[in-house]
Amino acid sequence: MVQAHDSPAVELADRLFRRESGRMTAILLRRFGPSAVDDVEDIVQEALLRACQTWPWKGIPDNPAGWLWRVAARLALDRLRRADRLDMTGTLPDVADGRAPDDLLVADDELRLLFLCCDPVNGPETAIPLTLRLACGFSTREIAAALLLDEATAAQRISRGKARLRGLQAGDLTALAGNDLALRLHPVLNTLYLLFDGGYGANDPTRWIREELCVEATRLCVLLAGHPKTTSPEVHALAALFHLLTARLPARQVREELVDLERQDRALWDRRLIGTGLRHLERSLGTAPPTVWHLLAGIAAEHARSAHWRDTDWQVILDHYDQLVLISDDPIVALNRAVAVAQVAGPVAGLAAVPDEASLLDYHLYHATRARFLRDMGRREEAGSALRRAIDLAPNAAVRDHLYKQDEVSPG
Amino acid sequence: MGQFMLLLHDDASEDAELSAAEMQDIIARYRAWSQKWRESGHLTGGEKLTDDPGRIIRSGAQGMIVSDGPYSETKDVIGGYFLIVAEDYAAAETIARDCPHAQRGKPVEIRQIHTFD
């Protein structure tokens, strides 16, 4: 009978399937070794599919994660039996009773999987799709859409990453738990930052925020921050940055329109995320010199504390940027510093601070920023041509519309 | 008021490529649909059928012959059915159109159950 026993109290948690997909993959890969990655993916997919075919009829079970895990464990046992490897059933001890495995042990497994995906030999172009696939339960199509790749390219990168996994031994995975975990942390953080940036940036021709990437990067970073083996001031700083930036998303895109920081309705900012971000920022403070993440999070926190763009303490923000340009050679950081310079010392100083970088000449915000300073200096003609250049380079219609609104320059 | 049967034609192989998020979404949509129409009194029952092709018995010159079927391939089997009450076919159609099965592009066959006065 359809949903006869459905208890209305049970609602599936947001993104439960993605999270559980990553967790089941992590647990099974740990048990069977990375070379079994294809079997593991099949088992996880089959477990989710059975839920999809059963729950609409029988209702959602009281413990959805436990149900999924019980089915996955049974499927894993079947495979071992068929492969005549019943000697390995001992590797599934915590599943026989069908309860979801212990959280900290799972977190251990999830970390191993994350380090495996983000191994520097992969490079970000493989590490990011592989992480989305194995740790976050994205399909190839979803990965292609999220990373703006065609499906064939996405599939190719995933299978390249998986081919490397298949070549590893179970011992390679265990070795990841060793003391060098902290040393291998940096490439993982970089991958998460790129993952986040891909969601927060405005490069998609049709849809410029891909919130799910921000959410997944934040979840994985919180995992690192909460685990005794990987927690560090730097990880907390990155977690702070992710929370503080994600908090602005509801105000950053209103209907189809892009709203820049200056014009955002700050009442729409997610106060809960800001609170979590500020707590991570507190925990990121230490004796070591601040990292890039510390300084970026410090800037985001200063904005989060200000009631309005006008009330922002720009000197504090400029101080952060002054430190940032000493440790980062990213020209976009220098460009953002110029905005802070202009707020503190006026548009002439701002224009002088705009970096003279060939790589920025094709970046729409380079021209938009210059246009703004030139306009404020009364050099309207130059401002107009800089803005037109920015509009020509805009990556999508939302950004283009936004730039039109920035000035009196009308379309066409 | 009439009683109707919604027969859900299914090709389970189409589901193999669903992503985790899509599967969770399908569950949520079924849940919303069945809750809505059960509370309104229209949805009265339903069962899921197993994914195998089943058996069919036909009588021929040699007597009864049992084979797989009635669907020769595992593609397109009846995956399940719902029982609903509705004013007429048009009203039953409204409920069927709203069903996640139909919304996912899978065929839903509507048959009226004969009631004898």
Side-chain angles (χ1 to χ4, degrees), chain A residues 1-8 10-25 41-42 44-61 64-65 67-68 132-146 151 154-155 211-212 215-216, chain B residues 4-52 74 77-85 95-96 98-104 106 108:
Chain A
M1 168 61 203
V2 51
Q3 298 208 353
H5 311 290
D6 200 10
S7 89
V10 182
E11 285 286 348
L12 288 182
D14 218 15
R15 304 178 178 89
L16 177 99
F17 272 35
R18 277 191 176 158
R19 195 187 71 210
E20 290 307 321
S21 170
R23 287 160 62 102
M24 289 191 288
T25 304
E41 278 204 295
D42 284 352
V44 170
Q45 178 73 4
E46 180 65 24
L48 295 172
L49 201 53
R50 289 200 184 176
C52 180
Q53 289 165 345
T54 311
W55 297 359
W57 300 88
K58 304 280 284 179
I60 295 166
W67 190 103
L68 286 170
L132 286 172
R133 174 59 162 264
L134 297 178
C136 310
F138 278 46
S139 69
T140 304
R141 187 156 31 81
E142 287 170 338
I143 291 168
E151 266 188 69
E211 193 186 352
E212 68 271 22
V215 168
E216 292 302 328
Chain B
F4 294 85
M5 199 172 202
L6 305 184
L7 295 160
L8 309 183
H9 290 256
D10 206 359
D11 173 2
S13 70
E14 287 169 1
D15 296 347
E17 298 297 313
L18 287 174
S19 73
E22 287 164 342
M23 289 190 268
Q24 179 163 351
D25 182 54
I26 287 167
I27 293 168
R29 281 155 63 192
Y30 265 105
R31 184 183 170 80
W33 178 82
S34 59
Q35 216 157 314
K36 170 178 164 189
W37 294 106
R38 210 169 14 164
E39 277 167 18
S40 70
H42 291 86
L43 178 62
T44 57
E47 294 287 358
K48 164 116 181 73
L49 305 179
T50 54
D51 289 331
D52 59 73
T74 47
V77 300
I78 302 284
Y81 65 88
F82 291 115
L83 290 171
I84 60 171
V85 286
I95 298 171
D98 191 38
C99 177
H101 193 82
Q103 306 239 329
R104 291 173 60 207
K106 298 180 181 239
V108 176

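What you are looking at is a predicted structure, and each value in this text was computed from that prediction instead of being measured. Every chain is numbered from 1 and lettered A, B, ... according to where its sequence line falls, protein lines coming before strand lines.
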Chemist: If I measure from the heavy atoms of chain A, does Ala16(B) come under 4.5 Å with its side chain, its backbone, both, or neither?
Modeler: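 Contact with chain A is through the backbone of Ala16(B) alone.
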Chemist: Check whether Arg18(A) gets within reach of chain B through its side chain, its backbone, both or neither, counting any heavy atom under 4.5 Å.
Modeler: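 Its backbone and side chain both get close to chain B.
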Chemist: What orientation do Phe82(B) and Tyr30(B) show, parallel under 30°, tilted 30 to 60°, or perpendicular over 60°?
Modeler: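 Correct class here is tilted.
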Chemist: Flag the pair Asp10(B) and Lys48(B) as a salt bridge only when some basic side-chain nitrogen lies within less than 4.0 angstrom of an acidic carboxylate oxygen.
Modeler: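 Here Asp10(B) does not pair with Lys48(B) in a salt bridge, since their nearest N and O are not under 4.0 Å apart.
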Chemist: Step by step, work out the salt bridge (charged side-chain N to carboxylate O under 4.0 Å, His left out) result for Arg141(A) and Glu17(B).
Modeler: CA-CA 9 Å; Arg141(A) 187 156 31 81; Glu17(B) 298 297 313; over 6 Å; no
Chemist: Give, as side chain, backbone, both or neither, the part of Ala13(A) having an atom under 4.5 angstrom from any heavy atom of chain B.
Modeler: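 Contact with chain B: backbone only.
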Chemist: In terms of heavy-atom proximity below 4.5 Å to chain B, should Glu20(A) be classed as side chain, backbone, both, or neither?
Modeler: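 Neither part; nothing is under 4.5 Å.
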Chemist: Could you tell me which residues satisfy ring-ring contact (aromatic ring centres under 6.0 Å, His included) with His101(B), sequence neighbours excluded, listed by chain and number?
Modeler: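 In terms of ring-ring contact (aromatic ring centres under 6.0 Å, His included), with neighbours along the sequence ignored, His101(B) is linked to no residue.
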